Amino acid sequence: MARIPFVCGNWKMHKTAAEAVALVNELRDGVGEAAGRVQVAVAPPFTALHAVKQAIGGTRIELAAQDVHWEAQGAFTGEISAAMLADAGCTHGIVGHSERRQLFGETDETVRKKVGALLGAGIRPIVCVGETLGEREANRTLEVVERQVRGGLAGLSAEVLAGITVAYEPVWAIGTGKTATSAQAQEVHAAIRKLLRELGGSVADQIRIQYGGSVKPENARELMSQPDVDGALVGGASLKAKDFIAIVKGALR
Ligand SMILES: O=C[C@H](O)COP(=O)(O)O
């Protein structure tokens, strides 16, 4: 069974609620043309989730969160639970983004706990992995990515793994304008797929593996035409409706 490509826009710390609604309204028609053949989600900041949920009503655009806390509730000032995200209408949740790992102390262990919290709330995790420039130059890319995949997905059954998305985002390509070549991306995606087969058997063939890191309309189609690249996690270019729509169309097979 062919995997349906999955393109998610990670808006990071951009857009007020009103700006987010304006962007979604621009996306509606363009994304609608690819409906059914490409799965599309947007991940606005927490403060815009509710407004965006209202705005995407009646469209096939889905709502994703950028992060989650692993505890169900309690004295965790500033944190948001998975149940709160489900209540806001999120169907997907990004965890382990390299900015969380580098700037906010995210570890493989916290990624694993967040994955569990999301799954418990019926939200599908998008688990981000990727090496730094230093790790790539030291030929440690596959070792690092394998550690992150194993660490983030430890203990999950094959059935549960089937609903996970993995996002390979080389840290050196994020927001830098430097994109991995399609061959570099495919090499790592194929290694991740092999590892997923070890962890979950044949469900590995159902799991979408997105590429992220300076994806633009100009490089999206080439990257996503690789056999193990099943879509994209898009940062900067997802903030411009025209570019994001072009990337979604670039995923059409
Ligand atoms: O989550 C998205 C990635 O961090 C990629 O960001 P970027 O497209 O701005 O490089």
Side-chain angles (χ1 to χ4, degrees), residues 5-15 19-20 23 27 38-46 48-49 52 61-68 85 90-104 106 111 114-115 118 123-133 135-136 141 144-145 148-149 152 164-182 184-185 188-189 192 208-224 226 229-251:
F6 179 23
V7 177
C8 180
N10 175 10
W11 295 357
K12 306 192 179 181
M13 198 169 75
H14 295 283
K15 305 291 179 189
E19 290 166 349
L23 176 53
L27 293 179
V38 181
Q39 187 174 10
V40 179
V42 293
F46 292 136
L49 286 174
V52 170
I61 302 172
E62 296 179 62
L63 193 62
Q66 295 180 19
D67 191 23
V68 65
L85 297 176
C90 293
T91 50
H92 298 269
I94 298 169
V95 292
H97 191 281
S98 67
E99 287 150 17
R100 302 294 322 168
R101 292 180 193 261
Q102 291 197 314
L103 304 174
F104 302 102
E106 187 90 283
V111 171
K114 290 178 178 189
V115 166
L118 289 175
I123 298 174
R124 293 178 162 217
I126 299 171
V127 181
C128 302
V129 299
E131 81 287 1
T132 62
L133 183 59
E135 288 163 343
R136 174 160 283 266
T141 298
V144 168
V145 167
Q148 292 172 336
V149 172
I164 302 257
T165 297
V166 176
Y168 168 57
E169 301 204 305
V171 178
W172 48 271
I174 294 177
T176 59
K178 290 182 194 160
T179 317
T181 64
S182 52
Q184 284 173 322
V188 181
H189 282 232
I192 293 172
R208 270 86 57 86
I209 308 174
Q210 298 172 320
Y211 170 80
S214 297
V215 176
K216 302 183 272 281
E218 301 77 49
N219 58 26
R221 186 175 292 278
E222 162 74 13
L223 284 160
M224 293 188 283
Q226 299 303 304
V229 179
D230 309 310
L233 184 55
V234 187
S238 71
L239 297 170
K240 295 179 198 144
K242 191 164 159 276
D243 287 357
F244 189 64
I245 290 166
I247 292 168
V248 168
K249 289 183 177 168

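As the structure lists them, so they are numbered: ligands from 1, and atoms in each ligand from 1. Since this is a predicted model, take the numbers as computed values, not measurements.
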> Is the backbone of Ala180 close enough, under 3.5 Å, to the side chain of Tyr211 for a donor and an acceptor to pair up by distance?
Replying inline: yes

> What atoms of ligand 1 come closer than 4.0 angstrom to any heavy atom of His97?
Replying inline: 1 (O), 2 (C), 3 (C), 4 (O)

> For the atom pair NE2 (His14) and CG (Leu23), what is the distance rounded to the nearest 0.5 Å?
Replying inline: 11.5 Å

> Ser182 and Gln226: which non-hydrogen atoms are nearest, and at how many Å?
Replying inline: CB-NE2, 3.4 Å

> Which word best sums up how the rings of Phe6 and His92 line up, parallel for under 30°, tilted for 30 to 60°, or perpendicular for over 60°?
Replying inline: tilted

> Does the side chain of Leu239 reach to within under 4.5 Å of the side chain of Lys15, using non-hydrogen atoms?
Replying inline: yes

> Can you tell me the protein heavy atom closest to atom 2 (C) of ligand 1 and the distance?
Replying inline: Glu169 OE2, 3.1 Å

>> Show the atoms of ligand 1 that are less than 4.0 angstrom away from any heavy atom in Ser214.
In response: 7 (P), 8 (O), 10 (O)

> Short list, please: which atoms of ligand 1 are under 4.0 Å from a heavy atom of Gly236?
Replying inline: 7 (P), 8 (O), 9 (O)

>> Only heavy atoms of Ala173, strictly under 4.0 Å: list the atoms of ligand 1 that pass.
In response: 10 (O)

> Which residue and non-hydrogen atom of the protein lie closest to atom 6 (O) of ligand 1, and at what distance in Å?
Replying inline: Lys12 NZ, 3.3 Å

>> For ligand 1 and Gly235, I'd like to know whether there is a polar contact (N/O to N/O, distance under 3.5 Å).
In response: yes

> For ligand 1, which atoms sit closer than 4.0 Å to a heavy atom of Gly213?
Replying inline: 5 (C), 10 (O)

> Does CZ in Arg136 sit with more than 12 non-hydrogen atoms of other residues, nucleotides or ligands closer than 6.0 Å?
Replying inline: yes

>> Quick one: does any side-chain atom of Gln66 pair with a main-chain N or O of Asn10 as donor and acceptor, under 3.5 Å?
In response: no

> Which ligand 1 atoms, with their elements, are less than 4.0 angstrom from a heavy-atom of Asn10?
Replying inline: 1 (O), 2 (C)

